[in-house]
Number of protein chains: 2
Amino acid sequence: MYSIGELSKRTGVKIPTIRYYEDMGLLEQPIRSQGNQRRYSEDGLKQLSFIRHSRELGFSIEDIKELLELSQHPEYPCADAHAIATRHLEEVRERERKLRKLKKELLRITKCNADSISECAVIETLADHEQCVTEH
Amino acid sequence: MYSIGELSKRTGVKIPTIRYYEDMGLLEQPIRSQGNQRRYSEDGLKQLSFIRHSRELGFSIEDIKELLELSQHPEYPCADAHAIATRHLEEVRERERKLRKLKKELLRITKCNADSISECAVIETLADHEQCVTEH
DNA sequence: CCTTGAACCTCTAGTTACTAGAGGAACTAT
DNA sequence: ATAGTTCCTCTAGTAACTAGAGGTTCAAGG
């Protein structure tokens, strides 16, 4: 049996965040002590580790809900799990593409050697979209 | 003189968002018609274009506030503008690095060929951090 | 058994950058 | 004058937490 503080230390997830996951229906409601404090089993620890790791990989709370559900049915086909992961991968790729474009523009404008605002490439570019090399 | 709807069409910024920028102190309060409707000048259009473009490049509202302020003082040195842009570039780089790591893990796990959850690499990886090739 | 300090409880509100909707007033064209 | 569109303010919702207030429980020492 772990207290919420113990669980927090073992997983690195902050206490209010653990309660939040419970509220969201991600983490099962643990049993309570006589004084109404949360008491977690080994299973609770495993669930929270799963959640934490999924969050680190950028899955949304909703996705994790499904993934957790799936993980509790070893005999299910794993097509659904793959679909979630593949969709997420696509989102990550898309975000990366956008960041690369951003980086390109930012690299260009930060090379400015001007002294004053009146000639500054940063300000000029922001005021005039035409100066951008990529479309956005 | 542009109505808020006109301004919205010309800049591609939605009407509630324009009002939001005004509330945040980004966009100057325009004059009002007799019936209390917003009426924008050419300057308002320019300001909003600047804001929109800055947002497209990922600058925060707070950063844009400073950049707009700077842009209105052509004689100021542009070191501050550079500092903001450079810091932002660093953040973009950092996010890109993280996404690359994410992508690497996601690529690995989505290659799984299993049929059932019990052998699925997606689920296994989420349950066991040790299987990851990058640290996070 | 009692006390004390740490850890826990619930509930509310704040973060970022918007977006949607309700209920009502103003503008514009016929 | 009227109808239809556009506008007004205000409130609340989004994602995933995080912080704080005000109060209760737990565990260890005397």
Side-chain angles (χ1 to χ4, degrees), chain A residues 1-27 29-40 44 47-48 50-68 84 87-88 91-92 95 98 102 136, chain B residues 1-27 29-40 44 47-48 50-68 84 87-88 91-92 95 98 102 136:
Chain A
M1 289 290 117
Y2 308 111
S3 68
I4 197 168
E6 268 289 313
L7 210 67
S8 174
K9 263 180 219 143
R10 281 171 190 261
T11 58
V13 178
K14 288 181 184 152
I15 291 174
T17 304
I18 297 177
R19 297 200 188 102
Y20 169 74
Y21 289 154
E22 186 183 323
D23 286 351
M24 292 298 99
L26 256 191
L27 193 56
Q29 296 194 0
I31 56 172
R32 301 286 184 129
S33 70
Q34 291 189 325
N36 199 35
Q37 299 192 354
R38 290 168 178 81
R39 293 291 176 260
Y40 295 92
Q47 271 187 36
L48 185 54
F50 188 102
I51 294 167
R52 155 132 217 228
H53 196 192
S54 303
R55 283 296 301 134
E56 280 170 352
L57 290 177
F59 287 100
S60 70
I61 300 282
E62 279 310 306
D63 280 351
I64 299 172
K65 226 183 255 182
E66 284 192 61
L67 289 168
L68 256 176
I84 293 170
R87 180 169 42 68
H88 181 48
E91 288 162 8
V92 167
R95 270 191 277 155
K98 283 192 184 151
L102 276 193
H136 49 242
Chain B
M1 288 289 116
Y2 308 112
S3 69
I4 196 168
E6 268 289 313
L7 209 67
S8 174
K9 262 179 219 144
R10 281 170 190 262
T11 58
V13 178
K14 288 181 183 152
I15 291 175
T17 306
I18 297 176
R19 296 201 189 100
Y20 169 73
Y21 289 154
E22 186 183 322
D23 286 351
M24 291 299 100
L26 255 190
L27 192 57
Q29 297 194 0
I31 57 172
R32 300 287 184 127
S33 71
Q34 290 188 328
N36 200 35
Q37 299 194 354
R38 290 167 177 82
R39 293 292 177 259
Y40 294 93
Q47 269 187 36
L48 185 55
F50 188 103
I51 294 168
R52 156 133 216 227
H53 196 193
S54 303
R55 284 296 301 135
E56 280 171 352
L57 291 177
F59 287 99
S60 70
I61 299 283
E62 280 311 306
D63 280 352
I64 298 173
K65 224 182 259 182
E66 285 193 60
L67 289 168
L68 256 177
I84 293 171
R87 178 167 44 68
H88 181 46
E91 288 163 9
V92 167
R95 271 192 276 155
K98 282 191 184 151
L102 277 193
H136 48 243

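Around NZ of A:K65, the count of heavy atoms belonging to other residues, nucleotides or ligands within 6.0 Å exceeds 12.
Comment: A:E22 does not engage A:R19 in a salt bridge, judged by the lack of any side-chain N to carboxylate O separation of less than 4.0 angstrom. With salt bridges taken as basic N to acidic carboxylate O contacts below 4.0 Å, none links B:R95 and B:E91.
The distance from atom NZ of B:K65 to atom P of C:dA17 is 10 Å, rounded to the nearest whole Å. Following rounding to the nearest Å, B:M1 (CE) and C:dA26 (C1') show an atom-to-atom distance of 18 Å. With rounding to whole Å, A:L26 atom CG is found 13 Å from D:dA15 atom P. In this structure, A:E22 places its CD atom 16 Å from C1' of D:dA16, rounding to the nearest Å. For the pair A:I18 CD1 and C:dC9 C1', the interatomic distance rounds to 14 Å; values are reported in whole Å. When the C1' atom of D:dC17 is taken as reference, atom CZ of A:R55 falls 9 Å away, rounded to whole Å. For B:M24 and C:dT16, the CE to P distance is 10 Å, given to the nearest whole Å. To the nearest angstrom, C1' of C:dT15 lies 13 Å from OH of A:Y20.
With sequence neighbours left out, the ring-ring contact (aromatic ring centres under 6.0 Å, His included) criterion links A:F59 to A:H88. Residues passing the salt bridge (Lys or Arg N to Asp or Glu O under 4.0 Å) test with B:R55: none are found, sequence neighbours excluded. Shown here are the salt bridge (Lys or Arg N to Asp or Glu O under 4.0 Å) partners of B:E66, two or more places apart in sequence or in another chain: there are none.
A rotation axis mapping the C1' atoms of four pairs onto the next four is fitted at both ends of the helix from C:dC1-D:dG30 to C:dT30-D:dA1 over five pairs, and the angle between these axes is 20° to 10 degrees.
Nearest-nucleotide positions on DNA chain C place B:I61 closer to the 5' end than the other of B:I61 and B:S33.
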Q) In the 5'-to-3' direction, what one-character label does each nucleotide of nucleotides 5-14 of chain D receive under the scheme B = base within less than 4.0 Å of a protein heavy atom, S = sugar-phosphate only, - = no such atom? A) --SBB-----
Identify each donor-acceptor pair in which a side-chain atom of residues 1-14 of chain A lies under 3.5 Å from a protein atom, sequence neighbours left out, and give them as a table.
| unit_1 | atom_1 | unit_2 | atom_2 | d |
| --- | --- | --- | --- | --- |
| A:Y2 | OH | A:E42 | OE1 | 2.8 |
| A:Y2 | OH | A:E42 | OE2 | 3.0 |
| A:S3 | OG | A:G5 | N | 3.4 |
| A:S3 | OG | A:E6 | N | 3.2 |
| A:E6 | OE1 | A:R10 | NE | 3.2 |
| A:S8 | OG | A:V13 | O | 2.7 |
| A:T11 | OG1 | A:L7 | O | 2.8 |
| A:T11 | OG1 | A:V13 | N | 3.2 |

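What you find for B:Q47 and B:L27 is that their closest heavy atoms are OE1-CD1, 3.5 Å. When all heavy atoms are compared, the tightest approach of B:L26 to B:I51 is CD1-CG2, 3.9 Å.
Listed pair A:Y21 / D:dC17 meets the phosphate criterion, a side-chain N or O lying under 4.0 Å from OP1 or OP2. Residue A:T17 has a polar side-chain atom (N or O) positioned under 4.0 Å from OP1 or OP2 of D:dT18.
Here B:F59 lies out of heavy-atom contact (under 4.0 Å) with every strand.
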